[in-house]
Amino acid sequence: MSSTTHLTGIIEWAANGPVLRTDGGGTWELDNTRQVRKFIGARVEVVGERSGFNGFVCDQIWPAGQPRPTAFKLRLELLLAAAFVAYGLYAAVGGVVSALA
């Protein structure tokens, strides 16, 4: 079962992509995203989940020593509910317009 992990270290480029070399001497292979690549060579803090033996999927990454940025998570349920409401309003307005025409 995965749990959220908080790591601190330096991001370097290795043969298989970006890795995080932690202060304790561990090495974690990171997902190769733009968010991670822009921190190559920098000391960072990351929050995410382990993936396999030494893989790490980053949920958030920020420069070490700075406050953790607020996370923005788009909730799919809210997006779907809003889409159904918008479609309902569109259909109702369309029905009224076609009845009046």
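Values below: all heavy atoms of this structure, side chains included; hydrogens, waters and symmetry mates excluded. Residue numbers start at 1 and run along the sequence shown.
Counting only distance, with no hydrogens or angles, the side chain of Glu45 and the backbone of Gly65 share a donor-acceptor pair below 3.5 Å. Remark: side-chain polar atoms of Arg37 are not paired, donor with acceptor, to backbone N or O of Ile40 under 3.5 angstrom.
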Just do the side chain to side chain contact (heavy atoms under 4.5 Å, CB included) check on Ile11 and Arg43 with the steps written out, would you?
CA-CA 7 Å; Ile11 296 185; Arg43 183 168 170 71; over 6 Å; no
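For Ala64 against Thr8, the heavy-atom pair with the smallest separation is CB-CG2, 4.4 Å.
Classification of the His6-Trp62 ring pair by plane angle, with boundaries at 30° and 60°, yields tilted.
Atoms OG1 and CH2, from Thr5 and Trp28 in turn, are 6.5 Å apart once rounded to the nearest 0.5 Å. Atom CZ of residue Phe53 and atom CD of residue Glu29 lie 10.0 Å apart, to the nearest 0.5 angstrom.
Contact check for Cys58 versus Leu30: side-chain heavy atoms found under the 4.5 Å cut-off. In this structure, Leu78 and Leu80 have side chains that are not in contact, with every pair of non-hydrogen atoms separated by 4.5 Å or more. Between Phe56 and Val36, every side-chain heavy-atom pair lies at or beyond the 4.5 Å cut-off. Between Val57 and Arg50 there is no side-chain heavy-atom pair separated by less than 4.5 Å.
Annotation: side-chain hydrogen bond (donor to acceptor under 3.5 Å, both in side chains) contacts involving residues 83-101, sequence neighbours excluded, are absent.
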Please report, to 0.1 Å, the donor-acceptor pairs under 3.5 Å made by any side chain of residues 14-21, with sequence neighbours excluded.
residue: Arg21; atom: NE; partner: Glu12; partner atom: OE1; Å: 2.5
residue: Arg21; atom: NH1; partner: Thr27; partner atom: OG1; Å: 3.0

